[in-house]
Amino acid sequence: MDKKLIIDMQGIVKRYYIGKPNELEVLHGVDLKVYEGEFISIVGQSGSGKSTLMNVIGALDLPTIGEYRLDGIDMFRAKENDLSAIRNRQIGFVFQTYNLIARMTALKNVELPMLYAGMGRRARNERAKELLRMVDMEDRMDHSPDELSGGQKQRVAIARAMANNPSIILADEPTGALDSATGHLIMDIFHRLNKEQGKTIILITHSPELAEETQRIVTLHDGMITGERKGGGKIAAG
């Protein structure tokens, strides 16, 4: 059976400071298709436009020109409250800097997206505990972020990204601040989510080694897709 097309971008251009002397075009006509259940990586050097593209994919920013449909929804025509609902329910974000709230415990950080989605206290508490168990952080659920290592913070961030059971996970340099061994542990969690739960995962990375673990590698250079090839998939441990 053919896979469902979940992300369909055509001719995506992104400009800043439009009409000003310092107008800057970061994306120059990007075409990208991602199918349900894929695990792909977008690779490129710093300044290639990776984070800008991720912001457009994640509805954090709109393109200047082009067509973008996310799960059939025309993102150009979607209202702001629709975009907000998509960000909260359909896409899970994982960032290099974790973006955890310092004054909240790991448990409360994971509960937060469910609170915004209107889920009741007991249901979100149970779901948050279940997600922390899934990333092997149940024994740290009452710790604040400053009591956690980088790898532990990122596992909490992944649990939070899964809070509202999104179909897509966008991970922007999720291992960039971690050592190699911890980075591979984080990648193992993404592989599990992809294989066991069918999550569509888009990994933004500058690491060719991590990109090689994904099913498809898309290369971005100076705001344009310059190549696409099959990845090696999960590399066996040891």
Side-chain angles (χ1 to χ4, degrees), residues 2-97 99 113 116 161 164 166-174 176 199-208 211 214-231:
D2 288 342
K3 288 273 191 179
K4 177 182 173 187
L5 183 61
I6 199 164
I7 287 169
D8 188 7
M9 294 183 141
Q10 295 179 37
I12 296 295
V13 172
K14 181 61 186 178
R15 297 188 189 117
Y16 296 97
Y17 319 117
I18 295 168
K20 296 180 180 176
N22 58 339
E23 181 172 311
L24 176 66
E25 187 171 294
V26 179
L27 300 177
H28 315 298
V30 169
D31 296 338
L32 179 67
K33 293 183 190 295
V34 181
Y35 292 86
E36 191 173 46
E38 269 198 294
F39 188 170
I40 80 160
S41 53
I42 298 173
V43 298
Q45 297 299 316
S46 182
S48 60
K50 300 190 303 295
S51 290
T52 300
L53 180 57
M54 191 195 108
N55 287 342
V56 173
I57 293 171
L60 297 169
D61 206 352
L62 286 172
T64 309
I65 302 169
E67 293 182 29
Y68 176 24
R69 289 186 177 273
L70 189 148
D71 204 11
I73 297 167
D74 184 338
M75 301 298 276
F76 256 127
R77 290 179 171 78
K79 295 183 172 65
E80 182 50 48
N81 58 347
D82 295 329
L83 293 174
S84 180
I86 287 166
R87 288 189 295 264
N88 185 247
R89 295 168 185 268
Q90 198 160 355
I91 301 171
F93 295 92
V94 181
F95 299 98
Q96 178 177 346
T97 52
N99 288 16
Y116 291 145
N164 291 324
S167 54
I168 302 165
I169 295 176
L170 286 182
D172 189 6
E173 299 281 7
K199 301 300 179 188
T200 304
I201 300 179
I202 302 171
L203 172 74
I204 311 287
T205 183
H206 66 271
S207 166
T214 66
Q215 297 160 0
R216 182 159 59 102
I217 302 167
V218 176
T219 301
L220 197 66
H221 181 72
D222 288 343
M224 299 175 70
I225 289 177
T226 57
E228 201 173 299
R229 65 182 178 85
K230 195 173 178 182

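When reading the values below, keep in mind they use all heavy atoms of this one structure, side chains included, and skip hydrogens, waters and symmetry mates. For the single chain, residues carry numbers from 1 onward in sequence order. Given the structure is predicted, the values throughout are model-derived calculations rather than measurements.
- In this structure, D31 and I225 have side chains that are not in contact, with every pair of non-hydrogen atoms separated by 4.5 Å or more.
- In this structure, the separation between CE on M224 and NE2 on H28 is 7.5 Å, given to the nearest 0.5 Å.
- Summarising the geometry, atom CE belonging to M75 is positioned 9.5 Å from atom CG belonging to D82; distances are rounded to the nearest 0.5 Å.
- Judged purely by atom type and a 3.5 angstrom limit, R69 uses its side chain to pair as donor or acceptor with the backbone of G72.
- We find the OG1-CD1 distance between T200 and I40 to be 9.5 Å, quoted to the nearest 0.5 Å.
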Discussion item. Side chain to side chain contact (heavy atoms under 4.5 Å, CB included) for F95 and M54? Distances and angles first, verdict last.
Written reply: CA-CA 11 Å; F95 299 98; M54 191 195 108; 3.7 Å; yes
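- For S167 against I6, the heavy-atom pair with the smallest separation is OG-CD1, 4.0 Å.
- Q215 places a side-chain N or O within donor-acceptor distance of the main-chain N or O of F39, the cut-off being under 3.5 Å.
- Considering only heavy atoms from C-beta on, T52 stays 4.5 Å or farther from D61 through its side chain.
- Inspection of the Q96 and D172 side chains reveals no N or O donor paired with an N or O acceptor under 3.5 Å.
- Distance check, rounded to the nearest 0.5 Å: OG1 of T219 to CD of E228 gives 9.0 Å.
- Considering all non-hydrogen atoms of both residues, V13 and G29 come closest at CG2-N, 3.6 Å.
- Using a 4.5 Å cut-off on side-chain heavy atoms (C-beta onward), P174 and L203 make contact.
- Proximity of a side-chain donor or acceptor of K199 to a complementary backbone N or O of I169 within less than 3.5 Å is not detected.
- Proximity of F93 to P166: side-chain heavy atoms (C-beta onward) are nowhere separated by under 4.5 Å.
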Worksheet entry | CA sep, side-chain torsions, deciding dist, call: L53, M9, side chain to side chain contact (heavy atoms under 4.5 Å, CB included) | CA-CA 10 Å; L53 180 57; M9 294 183 141; 3.9 Å; yes
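- D71 places a side-chain heavy atom less than 4.5 Å from the side chain of K4.
- Y16 places none of its side-chain heavy atoms less than 4.5 Å from the side chain of N22.
- A distance-only check finds a donor-acceptor pair linking the side chain of N164 to the backbone of N88 [under 3.5 Å].
- When all heavy atoms are compared, the tightest approach of S41 to T205 is CB-CG2, 4.4 Å.
- The structure places CD of E67 at 8.0 Å from CD1 of I12, a figure rounded to the nearest 0.5 Å.
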Discussion item. Does I57 form a side chain to side chain contact (heavy atoms under 4.5 Å, CB included) with I7? I'd like the steps, not just the answer.
Written reply: CA-CA 8 Å; I57 293 171; I7 287 169; 3.7 Å; yes
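- With rounding to the nearest 0.5 angstrom, the CD1 atom of I42 is 9.5 Å from the OG atom of S48.
- Formation of a donor-acceptor pair under 3.5 Å by the T214 side chain with backbone atoms of R216 is found in this model.
- No side-chain donor-acceptor contact under 3.5 Å links D8 to the backbone of Y68.
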Worksheet item: side chain to side chain donor-acceptor pair (under 3.5 Å) between H221 and Q45: does it pass, once the steps are laid out?
Response: CA-CA 7 Å; H221 181 72; Q45 297 299 316; over 6 Å; no
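- Proximity of V43 to L220: side-chain heavy atoms (C-beta onward) are nowhere separated by under 4.5 Å.
- Side chain of K50 to main chain of G44: a donor-acceptor pair is present (N/O by atom type, distance under 3.5 Å, no hydrogens or angles).
- Shown are L24, L27, I65, V26; of these, the side chain to side chain contact (heavy atoms under 4.5 Å, CB included) with R15 is made only by I65.
- Counting all heavy atoms, side chain and backbone alike, L83 lies closest to A59 at CD2-CB, 4.2 Å.
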Worksheet item: Going through the distances and angles, do I168 and I201 end up as a side chain to side chain contact (heavy atoms under 4.5 Å, CB included)?
Response: CA-CA 6 Å; I168 302 165; I201 300 179; over 6 Å; no
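- In this view, Y35 and K3, L5, K33, E38 satisfy the side chain to side chain contact (heavy atoms under 4.5 Å, CB included) rule, not counting sequence neighbours.
- In this structure, E80 pairs ionically with R87, as a charged nitrogen and a carboxylate oxygen lie closer than 4.0 Å.
- At least one donor-acceptor pair closer than 3.5 Å links the side chain of E173 to the backbone N or O of H206.
- Side-chain contact between I18 and T64 is present, with heavy atoms from C-beta onward closer than 4.5 Å.
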